[in-house]
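Input: a single structure, listed below in structure tokens.
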Amino acid sequence: MNRRPAWHVATVVESRPETTTARRLELEVPTWPGNDAGAHVDVRLTAPDGYQASRSYSLASSGDGTRVTLAVDEIPDGEVSPFLVHDLRVGDRIELHGPLGAFFVWRPSDDPAPVQLIAGGSGVVPLYAMAAAHARSGEATPLRLLYSVRSPGDVFFRPELEALADRGLPLDLVYTRTAPPGVSAPPGRLTAEGLRRAVFPAAQRPRVYVCGPTPFVEAVAGWLVDDGHDPAAVRTERFGGA
Amino acid sequence: MSFITRGFSGRRRERDPRLPPGQTLVADWPVLSAGPTPTVADDAWEFVIGTENDVHRWTRAELEALGVEDVTVDIHCVTHWTKLDMAWRGVSLDRVFAEVETAHRFAMVHSFGGYTTNVALDDLLGGKSWIAFEAEGAPLTAEHGGPARLLVPHLYFWKSAKWVQGLVTMPRDSPGFWEQNGYHPHGDPWREERYE
């Protein structure tokens, strides 16, 4: 299939709150060629005077078909995310360039190595796409997701992740500030020990995908390498400065 | 094919002429990399150039003896951010290549951790690139490529390889890591050479 990146016109068909700060956008893109799980797009907005602003967003959807899902977390002093979260309405059109990214993707394959997904905050978006694609594929390769969030209201794709967990996805949620009732562990940042307990051990030679804010990815990837994971098997995607 | 996005006016009305198309100014310095940050010991670091004729090696002290320059340049990341007027300190590739003989016109840059990126020698020479050890008045942190990264400010920043180890000259152009993964072989921000 030809999935070379190109410009596409996307029409908003659904928009609803995703977390306390994020919005889920369902887009209909008639010319969309399909995408691998983990791919991203550039979103371009154009003002009446010709001013344009572009930002990259990971896709929460994958596979064939012309329906594309974004989950946009608002950056309070941002220029594009507040518009997408607050102003964009059903029926509006935006431009997408994509699908982009051939490296931070998961595809069904003959590789029997287990797959470990590790997300911080909105970094779960491409990893959710991978977990969902893995479940759809029926692949026997083990896959698990470790997901760090501040509080229960910050969980992206909660119903979908719970459904995947019900079907057998090992899902480890770490609450860093506020844990929901019934969770025995006190809230706190992920530690090297907590990471080691939740992920496939290095001896199983897992393929690891880490996505989140830079300090989170930096810490997690460092601990993984310290624990003997092959750096070449650890793929990272980051957002934010350092 | 662009059309107006209903309701969008944008925040920054004045556009700095130093901003290439599709770019947005940032004040912080975002970090992007494909894998874990490699740990590179300062005292073990050396820079290596391999050509059809020879292999050349420089320790950091030997490189700095060629002449350290302070440059202030703008950097442009393919993910749409631009940082203006960044102060860098490093050694020009011109000074390094003064000691190298090659008929090749291209190079594959290699980093600790296995990253590669291809650059034409015309894009490295003529005051266009440096081996940088410092940015904004401080040694490069590991996240930003320390102890040394390539600096090729007139191309998108993925060409400015972090944790640079050296380069191998090539008779013909050949794609590096991101270039094999969909990015443009050249990467000129003013022509928006983002994706292949």
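Given the structure is predicted, the values throughout are model-derived calculations rather than measurements. Naming: A, B, ... by sequence-line order, numbering from 1 per chain.
- Side-chain contact check for Ser2(B) and Glu95(A): at least one donor-acceptor pair (N or O, by modelled atom type) lies under 3.5 Å.
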(request) For side chain to side chain contact (heavy atoms under 4.5 Å, CB included), just list the numbers for Val9(A) and Phe3(B), CA-CA rounded to whole Å, side-chain angles, deciding distance to a tenth of an Å, and then say yes or no. (result) CA-CA 9 Å; Val9(A) 177; Phe3(B) 51 84; 3.8 Å; yes
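- Using a 4.5 Å cut-off between heavy atoms, Trp81(B) does not touch chain A at all.
- For Asp92(A), the part sitting under 4.5 Å from any heavy atom of chain B is the side chain, from C-beta outward, and nothing else.
- Ranked by heavy-atom pairs under 4.5 Å with chain A, the list Tyr183(B), Phe177(B), Trp178(B) is led by Phe177(B).
- Contact record, Gly22(B) with Ser54(A): O-CB, 4.3 Å, taken as the closest heavy-atom pair.
- Heavy-atom minimum distance, Pro48(A) versus Phe8(B): CD-O, 3.3 Å.
- Ranked by non-hydrogen atom pairs under 4.5 Å with chain A, the options Gly114(B), Gly7(B), Ser33(B), Pro21(B) are led by Ser33(B).
- Put simply, of Val217(A), Asp87(A), Ile94(A), the one with the most heavy-atom pairs under 4.5 Å next to chain B is Ile94(A).
- The local environment of CZ in Arg144(A) is crowded, with over 12 non-hydrogen atoms from other residues, nucleotides or ligands closer than 6.0 Å.
- For the atom pair CD1 of Ile4(B) and CG of Leu45(A), the computed distance is 12.5 Å after rounding to the nearest 0.5 Å.
- Only the side chain of Tyr195(B) has a heavy atom closer than 4.5 Å to any heavy atom of chain A.
- Shown here is Arg24(A), whose CZ atom has more than 12 heavy atoms of other residues, nucleotides or ligands within 6.0 Å.
- Around atom CZ of Arg189(A), no more than 12 heavy atoms belonging to other residues, nucleotides or ligands sit under 6.0 Å away.
- A distance-only check finds no donor-acceptor pair linking the side chain of Arg4(A) to the backbone of Gly182(B) [under 3.5 Å].
- Here the CZ atom belonging to Arg194(B) is positioned 10.0 Å from the CG atom belonging to Leu100(A), to the nearest 0.5 angstrom.
- With values rounded to the nearest 0.5 angstrom, Arg55(A) atom CZ is found 8.5 Å from His80(B) atom NE2.
- The number of heavy-atom neighbours closer than 6.0 Å to CZ of Arg191(B), taken from other residues, nucleotides and ligands shown, is 12 or below.
- For Phe103(A), the parts sitting under 4.5 Å from any heavy atom of chain B are the backbone and the side chain alike.
- Within the 4.5 angstrom heavy-atom criterion, only side-chain atoms of Pro5(A), from C-beta onward, approach chain B.
- Under the 3.5 Å distance criterion, the side-chain polar atoms of Thr5(B) are matched with a main-chain donor or acceptor of Thr46(A).
- The number of heavy-atom neighbours closer than 6.0 Å to CZ of Arg6(B), taken from other residues, nucleotides and ligands shown, is above 12.
- Residues of residues 219-229 of chain A lying under 4.5 angstrom from chain B, judged on non-hydrogen atoms, are Ala221(A), Val225(A) by number.
- Listed here is the closest heavy atom pair of Thr24(B) and Glu79(A): CG2-OE1, 4.5 Å.
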(request) Could you walk me through whether Thr37(B) and Glu218(A) pass side chain to side chain donor-acceptor pair (under 3.5 Å), step by step? (result) CA-CA 7 Å; Thr37(B) 296; Glu218(A) 196 64 28; 2.6 Å; yes
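- Taking chain A as the reference chain and counting heavy-atom pairs below 4.5 Å, the highest number among Gln180(B), Gln23(B), Glu196(B) is found for Glu196(B).
- With sequence neighbours left out, Glu193(B) forms a side chain to side chain donor-acceptor pair (under 3.5 Å) with His186(B).
- Other residues, nucleotides and ligands contribute only 12 or fewer heavy atoms inside 6.0 Å of the CD1 atom of Ile75(A).
- Atom CZ of residue Arg238(A) and atom OG1 of residue Thr79(B) lie 12.5 Å apart, to the nearest 0.5 angstrom.
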